[in-house]
Number of protein chains: 2
Amino acid sequence: MKAMNQFAIGVDYGTNSVRALVVDTADGREVATHVYNYPSGEAGVLLDPSDPHAARQNPADYIEGFYQSVGCAVQRAAADPSFRPERVVGIGVDTTGSTPIPVDRNGWPLALAAEFAGELAAHAWLWKDHTGYGEAAEITEKAKKVRDKYLNKCGGVYSSEWYWSKILHCKRSFPKVFQAAYSWVELADFVPAFLTGNLDPDALPRGICAAGHKAMYHEDWQGLPSAKFLAGLDPDLAAIRDRYAVPALTSDRRAGSLTAEIAAKVGLPAGVAVAVGAFDAHMGAVGAGIKPGTLVKIIGTSTCDMMVAPMNSPLVDIPGLCGIVPGSIVPGMYGLEAGQSAVGDIFNWFVKSLAPAQYSADGDGHAALTRAAEQLCPGASGLVALDWNNGNRTVIVDPLLSGLLVGQTLHTTAAEVYRALIEATAFGALVIINRFEEYGVKVKEVVNCGGIAEKNPLVMQIYADVCNRPMKISRSAQTCALGAALFGTVAGGGYKSVEAAQRKMTGVKEMVYKPTKAAAAVYAELYRVYRTLHDAFGTVGVKHRLHGVMKDLIRIRDEARRGSG
Amino acid sequence: MKAMNQFAIGVDYGTNSVRALVVDTADGREVATHVYNYPSGEAGVLLDPSDPHAARQNPADYIEGFYQSVGCAVQRAAADPSFRPERVVGIGVDTTGSTPIPVDRNGWPLALAAEFAGELAAHAWLWKDHTGYGEAAEITEKAKKVRDKYLNKCGGVYSSEWYWSKILHCKRSFPKVFQAAYSWVELADFVPAFLTGNLDPDALPRGICAAGHKAMYHEDWQGLPSAKFLAGLDPDLAAIRDRYAVPALTSDRRAGSLTAEIAAKVGLPAGVAVAVGAFDAHMGAVGAGIKPGTLVKIIGTSTCDMMVAPMNSPLVDIPGLCGIVPGSIVPGMYGLEAGQSAVGDIFNWFVKSLAPAQYSADGDGHAALTRAAEQLCPGASGLVALDWNNGNRTVIVDPLLSGLLVGQTLHTTAAEVYRALIEATAFGALVIINRFEEYGVKVKEVVNCGGIAEKNPLVMQIYADVCNRPMKISRSAQTCALGAALFGTVAGGGYKSVEAAQRKMTGVKEMVYKPTKAAAAVYAELYRVYRTLHDAFGTVGVKHRLHGVMKDLIRIRDEARRGSG
């Protein structure tokens with residue numbers, strides 16, 4: 001009976017905005033949603049003109065973002081006759097990451113103190129901040145030498161995007177901020193801590209997802225890396241370790257209950273269950289129905305490529321992956337994370353920086369360029385690009401790489417370059433799929449979600465053709481928020497397991513993008529060119545034969561043009 | 001006394017237009033000029049949508065272009081009180097090339113017959129037509145095997161831009177046009193033949209410049225390559241050889257006299273001397289004051305880089321040059337020609353295809369992008385490009401290469417890319433300077449001319465900084481037309497030698513672009529990156545270490561940004 005329906009709220013903290021989604025826990029039906037755009041910086045990101053690696057966020061945006069997004073979504077949900085605030089069984093929170101926030105002894109972000117308001121380093125260090133690349137290399141170097149092989153669980157290379165790189169870089173470059181910080185709290189942990197009034201850095205629950213994938217937390221060594229190891233990087237890092245509650249928890253666990261004060265601000269009753277937080281992609285993967293054999297690709301400004309494997313699988317450590325962490329996606333299974341450092345960000349960059357007036361006249365450069373790019377045949381532009389404008393996350397794991405475009409003539413068009421950039425991200429996606437399979441993790445299906453998967457059939461068709469596999473689309477357009485709501489439901493007791501909740505609340509669309517044989521054949525050739533460039537520019541110490549690259553592209557182009565003539 | 005002044009007319013057939021220039025032979029003073037834009041095709045170039053290598057021109061544009069440009073220039077010259085049509089001592093003609101025109105038994109262009117008007121292959125094959133790349137490779141291959149080493153005089157590689165490649169490609173791909181053509185006449189020879197009424201293909205004077213640089217003509221083997229060699233390529237090519245008057249002539253020679261009919265149309269007396277034609281760059285080099293030790297760079301859509309060396313110099317064959325031909329520039333000296341396949345064409349391509357609205361709002365994308373690019377510091381973009389959008393003419397001599405851009409981030413701007421493209425052409429220029437000097441031809445000064453040298457101080461400053469040499473600018477802005485007029489003067493008896501005429505009629509501007517030390521140091525580093533890419537993508541059979549490219553660019557960028565901070 002409809003009146004007995006229960007509801008959950010997922011709160012999804014993205015790079016530029018936060019979304020709240022109210023769902024019906026019976027079937028995942030989306031009842032109401034609201035998006036709040038961060039007001040600070042450039043679309044929510046604080047930049048440093050003197051350092052293109054820097055990307056920070058204002059913690060005040062997170063707090064106001066909760067009030068605005070959840071408050072409005074709850075108001076809108078009232079339009080559904082079965083909705084009542086008291087039928088909300090739980091709230092789940094997902095965020096970008098690794099996005100650590102320096103906090104004071106009370107767990108309050110330093111940036112919110114007047115003294116540090118103007119200090120970029122005191123703000124949240126957004127996932128795509130790469131300023132700690134030197135420190136990342138140092139951590140990689142030192143971790144290789146210790147017995148516990150901390151990096152085997154995260155691909156063998158520590159990233160500048162991750163927790164310890166950022167903290168160590170802050171210590172080195174902004175010692176005043178570092179000294180003022182009692183601890184560093186991931187955004188995914190900060191929001192539940194704030195919502196439940198448990199901000200004490202020593203005690204607040206830390207999620208296994210952030211801990212395992214970004215902070216080298218693992219049960220094999222009983223938590224974070226040893227005090228000795230961290231002190232070897234910097235004596236002050238060991239203290240951070242001591243202020244980190246263990247064990248880290250999976251997101252089916254309850255972090256606490258919504259405080260009365262916050263509940264009142266958003267129109268909910270006090271005491272609603274709040275789940276332990278996790279990263280957007282991980283909860284998104286659950287919202288997209290991840291299970292063994294299913295690769296979930298969350299395609300946004302960057303991508304996360306997620307898989308799970310049963311705890312009893314003969315899983316070896318996979319080089320170049322961001323991590324293999326028990327329980328980080330689905331409790332009781334290994335969570336495997338890979339990703340591309342920039343996908344939508346590359347398309348956005350191109351539209352903003354290099355699309356001529358004819359494509360921006362009607363205000364939506366993406367739509368106009370997509371229409372033009374759809375008319376082109378695979379291979380006919382003679383172009384190949386590398387998708388490394390923001391570095392490479394998987395499988396090279398190196399932020400100090402850059403974009404590359406080859407094959408330009410005097411007749412190359414903006415639409416051809418735009419398509420080449422889409423194709424480059426597809427080739428990058430295929431490298432990841434191949435890496436999973438090379439190490440025994442069979443990819444039986446690919447489910448895509450995120451804005452680009454929803455809105456751009458050209459991108460999805462190119463992915464199907466390049467990967468030569470069907471591309472499925474998650475039924476929900478708000479997969480991350482749905483996943484968060486699902487965890488809120490489980491934490492609040494609505495289902496007894498994540499899998500049980502997934503069976504009811506998630507699914508894929510009927511429409512599937514299928515590979516076309518002719519396109520797949522051309523892309524197989526172009527992928528070899530991509531892979532040559534990928535290995536030549538991305539691999540240390542090996543010499544490569546590059547002379548064939550331009551020749552092959554011209555030959556492929558001429559064949560493609562004859563074929564289409 | 002002013003009333004005794006004599007005048008000459010230079011007629012300069014460029015890629016998009018023809019310019020006539022009336023000059024005072026006493027001092028090279030420019031009395032009047034007129035430019036006629038070719039009405040056919042896209043800015044004078046007939047394109048084939050199915051083949052980006054094709055570039056043709058309508059011969060009717062050349063004829064009408066003479067009437068319009070010379071007729072108007074003569075009319076305008078009347079404003080000069082000392083000018084009289086009967087004081088015109090000679091006309092010189094320079095053209096693009098190799099631009100061969102298929103002609104009938106009477107020397108009349110096939111394209112002007114109704115039967116062939118719609119046939120692209122029957123038109124003039126413009127210099128930048130690369131459709132014969134397969135034939136060029138075949139000619140290179142076969143020429144290497146013959147005793148006379150035909151290619152040693154033109155860099156070791158026969159180009160798709162040249163005479164025999166185009167003719168052979170026509171035979172193979174458009175046999176009907178080939179069969180209808182009695183002979184193939186270079187544009188530089190066609191115009192003087194037309195003006196003097198001596199169109200007979202068997203008899204019309206052929207210029208040494210086109211013959212020597214593009215048709216493998218050399219006195220060492222008494223003219224064109226042997227009938228046996230040509231027949232080995234295709235039996236029908238030997239006939240073309242028999243219909244080619246030898247010896248080929250230098251441009252101080254008189255091709256004939258202006259016919260009464262044409263003279264009347266342009267307001268000149270009949271019988272004015274018409275000099276033997278030559279290529280624009282070669283006459284331009286003379287107009288810019290070329291002499292031993294002086295490199296003249298004619299910078300337009302592409303560049304020609306010209307030097308001369310005394311006939312008694314111990315000159316070895318230089319690999320990768322377009323040619324070393326006695327008398328091709330200055331009679332009695334070796335003419336050395338190198339070049340870049342695209343320079344202005346690359347900038348034009350970028351502005352047309354990839355410049356966002358903010359740079360094209362006021363209609364002149366070049367000016368707006370130049371203003372923005374001027375604000376940037378060398379190295380600060382982290383970008384390096386290869387200038388091969390139209391292939392590489394010197395020193396690789398390969399049209400089947402393409403553009404490359406590396407170093408893009410998510411913050412790369414259009415102005416940064418524009419500057420990187422300018423820098424790429426400067427690096428290409430430096431490769432040529434280095435090649436001359438590696439083979440003993442010392443470059444003591446560089447004189448630049450052409451529209452870009454005149455109008456774009458940013459380009460010239462970058463060239464000075466990249467090459468770490470002063471860049472001088474030819475005094476005349478119409479160097480090619482001035483050079484043509486100078487040859488007209490000499491052919492008409494106004495001076496007894498080209499050198500004597502140069503001393504009076506040519507010179508450089510006072511303003512010199514000098515290299516700055518800091519910029520030169522950064523560019524020396526970037527040149528190494530360019531050279532790595534140049535060799536890796538342009539050289540057959542050798543393996544290269546590319547991993548340092550992106551690393552070096554990021555390091556150089558970070559240093560440049562710190563330096564400028």
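Excluded from the calculations below are hydrogen atoms, water molecules and symmetry mates; all remaining heavy atoms, backbone and side chain alike, are included. Worth saying up front: this structure is predicted, and the values here are computed from it rather than measured.
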For chain B, which of A/Ser50, A/Ala342, A/Ser353, A/Gly538 has the most heavy-atom pairs under 4.5 Å? A/Ser353
To the nearest 0.5 Å, what is the distance between [atom1] ([X]) and [atom2] ([Y])?
X: A/Asp345; Y: B/Leu410; atom1: CG; atom2: CG; result: 5.0 Å
X: A/Asp558; Y: B/Tyr133; atom1: CG; atom2: OH; result: 4.0 Å
X: A/Leu400; Y: B/Arg555; atom1: CG; atom2: CZ; result: 12.0 Å
X: A/Asp398; Y: B/Met550; atom1: CG; atom2: CE; result: 10.0 Å

Only pairs of heavy atoms separated by less than 4.5 Å count here; which of B/Pro49, B/Gly548, B/Gly382, B/Ala357 has the most with chain A? B/Ala357
Do you know which of B/Leu47, B/Thr412, B/Asp51, B/Thr413 has the most heavy-atom pairs with chain A at a distance under 4.5 angstrom? B/Thr412
For A/Lys352, does the NZ atom sit with more than 12 other heavy atoms under 6.0 Å from it, leaving out its own atoms? no
Engaged part of [X] at the chain A interface, taking heavy atoms whose separation is under 4.5 Å:
X: B/Leu553; answer: neither
X: B/Asn348; answer: neither
X: B/Tyr359; answer: neither
X: B/Asp535; answer: neither
X: B/Val540; answer: both

Interface residues of [range] facing chain A - non-hydrogen atoms under 4.5 Å apart:
range: residues 364-375 of chain B; result: none
range: residues 383-391 of chain B; result: B/Leu386, B/Trp388, B/Asn389, B/Asn390
range: residues 401-409 of chain B; result: B/Leu401, B/Ser402, B/Gly403, B/Leu404, B/Leu405, B/Val406, B/Gly407, B/Gln408, B/Thr409

Please classify the contact of A/Ile346 with chain B as side chain, backbone, both or neither, using a heavy-atom distance under 4.5 Å. both
Where does A/Ala414 contact chain B at under 4.5 Å (heavy atoms): side chain, backbone, both or neither? both
ring-ring contact (aromatic ring centres under 6.0 Å, His included) filter on B/Phe347, not counting sequence neighbours, yields none
Would you sort out whether B/Lys543 and A/His544 count as a side-chain contact (heavy atoms from CB on, under 4.5 Å), showing the intermediate values? CA-CA 5 Å; B/Lys543 288 183 168 184; A/His544 295 267; 6.0 Å; no
